[in-house]
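Order of appearance sets the numbers: ligands from 1, and atoms from 1 within every ligand.
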Amino acid sequence: MFDIEKIRADFPILKRKVNGYPLVYLDNAATSQTPQLVIDSIVDYYSNYNANIHRGVHTLSQEATDAYEQARQKIRHHFNAEHAHEIIFTSGTTHGINLVANGFSSILKTGDEIIVSALEHHSNIVPWQMLCERTGAVLKVIPMNMEGELIMDAYDNLLSENTKLVFVNHISNALGTINPIKEIIQKAHDVGAAVLIDGAQATPHIKADLQALDVDFYVASAHKMCGPTGAGFLYGKEDWLNKLPPYQGGGEMIAEVSFEKTTYAGLPHKFEAGTPNICGGIAFGIAIDYMNAIGFDNIANYENELLKYATDKLLEIDGLKIYGPDVSGAKTSVISFNIEGIHPYDIGSIVDKLGVAVRTGHHCAQPIMDFFKIPGTVRASFAFYNTKEEVDTLVVAVKRAKGMLS
Ligand SMILES: *Cc1c(COP(=O)(O)O)cnc(C)c1O
């Protein structure tokens with residue numbers, strides 16, 4: 001069923017060496033690697049049916065349009081959206097959040113409140129701050145505890161009839177915390193607020209069911225789930241997408257244009273101005289097929305095993321502290337850690353010399369680092385194509401770094 005050697009053979013990059021050592025790629029929370037199937041789909045597109053979509057009657061244009069719309073159907077199906085036109089292609093999570101934040105400019109007024117969490121990526125903070133500046137709305141923050149979990153009682157206290165919108169990530173990219181989004185969504189709906197979930201870090205690990213969640217907006221990026229960069233999607237409930245104004249004007253998003261008046265196209269085209277990343281969207285669909293063929297249950301089981309193994313091994317190192325929930329809690333395969341007295345950047349540089357790719361720094365989540373009063377962490381994030389042997393290599397490399405630096 002889950003044949004790790006076979007899976008690894010699908011990823012050409014895993015064969016390469018870095019600084020003379022076999023690559024150990026543990027930066028999956030920043031971007032995932034790309035299987036040959038997905039790479040082939042990109043080559044196939046440009047080799048065989050590259051054409052602009054939706055506008056041409058010629059064969060290539062129809063083939064490209066069909067493949068692109070088929071990818072939209074795959075996304076709809078995978079995440080269980082009710083309609084394909086509720087899936088808007090974007091360049092990624094950041095684009096999707098900005099699209100929604102821009103749309104709420106014409107909905108919010110002074111004194112309205114919007115709620116974010118203390119666990120967010122900058123891309124789910126800054127667009128909302130900009131929205132507050134434009135509208136006079138007020139930004140409130142759900143705090144977290146020392147385990148890196150949201151304090152739900154505090155959330156209850158923030159909610160009121162003034163709350164118009166809540167936006168929280170499904171899983172924290174910095175700590176791996178899985179947030180109780182079902183509860184967050186329900187409570188927001190109880191006061192009449194809409195909810196946007198940033199699914200960028202969840203989609204590689206969990207198959208979200210958008211209708212069961214009853215979420216209003218959900219955004220994610222292809223490049224974190226074995227797809228290419230520059231592609232992603234925004235899901236919005238039909239009613240909401242009809243309510244929001246277009247984000248960008250241009251070709252493809254109009255019904256009729258004259259210099260006196262322009263009328264907009266229906267969904268999803270209203271939000272898809274200009275020539276999109278056609279081949280990226282198609283490749284995203286192939287990546288979803290690929291991950292489903294492996295199976296999200298298999299992926300979750302295997303990654304949990306890796307997470308537990310890596311946590312135990314790393315904690316054997318003296319002075320090493322892991323931030324975020326305990327492995328037995330609601331957590332995915334991200335380990336954010338520091339070693340007492342050593343700067344995370346120095347650890348990252350030394351382990352790279354040994355072929356191990358980890359991320360160091362604030363992980364686009366400075367408020368989390370401020371909360372723990374640290375400059376950053378070393379973050380090892382695992383995918384289903386990583387192995388226990390790679391964890392062992394990480395541990396040896398971290399021990400070596402510690403020996404050199406302390
Ligand atoms: C990666 C990530 C983002 C940003 O995604 P982009 O693809 O850079 O737009 C936002 N939120 C979370 C939780 C992420 O992990």
Near [X], which atoms of ligand 1 are under 4.0 Å from a heavy atom of that residue?
{"X": "Q201", "answer": "14 (C), 15 (O)"}
{"X": "T94", "answer": "4 (C), 6 (P), 8 (O), 9 (O)"}
{"X": "S221", "answer": "5 (O), 6 (P), 7 (O), 9 (O)"}
{"X": "N173", "answer": "13 (C), 15 (O)"}

Original post:
Is there a heavy atom of E120 sitting under 4.0 angstrom from any atom of ligand 1?
Top reply: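 Contact check E120 vs ligand 1: negative.
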
Subject >> Pair I7-F384, side-chain contact (heavy atoms from CB on, under 4.5 Å): steps then yes or no >> reply: CA-CA 9 Å; I7 287 169; F384 58 89; 3.8 Å; yes

Original post:
Is any NZ, NE, NH1 or NH2 atom of the basic residue among E82 and R76 found under 4.0 Å from an Asp or Glu carboxylate oxygen of the other?
Top reply: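 Looking at R76 together with E82, the answer is no, because their closest N to O distance does not fall below 4.0 Å.
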
Subject >> Option from H269, K270, E238 for which side chain to side chain donor-acceptor pair (under 3.5 Å) with H85 holds >> reply: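 That would be E238; it is the only one of H269, K270, E238 passing the side chain to side chain donor-acceptor pair (under 3.5 Å) with H85.
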
Subject >> Validation row: E86, H83 side chains within 4.5 angstrom (heavy atoms) >> reply: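 Yes, close enough: below the 4.5 Å cut-off.
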
**OP:** Please collect all side chain to side chain donor-acceptor pair (under 3.5 Å) contacts where either partner lies in residues 222-234, sequence neighbours excluded, each pair once.
**Re:**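 Non-adjacent pairs meeting side chain to side chain donor-acceptor pair (under 3.5 Å): T31-H223.
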
**OP:** Would you kindly specify which portion of H95 sits under 4.0 Å from ligand 1, judged on non-hydrogen atoms: side chain, backbone, both or neither?
**Re:**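 H95 to ligand 1: no contact under 4.0 Å from either part.
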
**OP:** Fit a plane to each ring of Y345 and H343, take the angle between them on a 0 to 90° scale, and name the class: parallel (under 30°), tilted (30 to 60°) or perpendicular (over 60°).
**Re:**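 The arrangement is perpendicular - the two ring planes meet at more than 60°.
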
Original post:
Does R72 have any salt bridge (Lys or Arg N to Asp or Glu O under 4.0 Å) partners at least two apart in sequence or in another chain, and if so, which?
Top reply: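 Partners of R72 under the salt bridge (Lys or Arg N to Asp or Glu O under 4.0 Å) test: E69, E272.
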
Could you check [atom] against the protein and tell me its nearest heavy-atom contact, residue, atom and distance included?
{"atom": "atom 2 (C) of ligand 1", "answer": "K224 NZ, 2.4 Å"}
{"atom": "atom 12 (C) of ligand 1", "answer": "D198 OD2, 3.4 Å"}
{"atom": "atom 10 (C) of ligand 1", "answer": "S123 OG, 3.2 Å"}

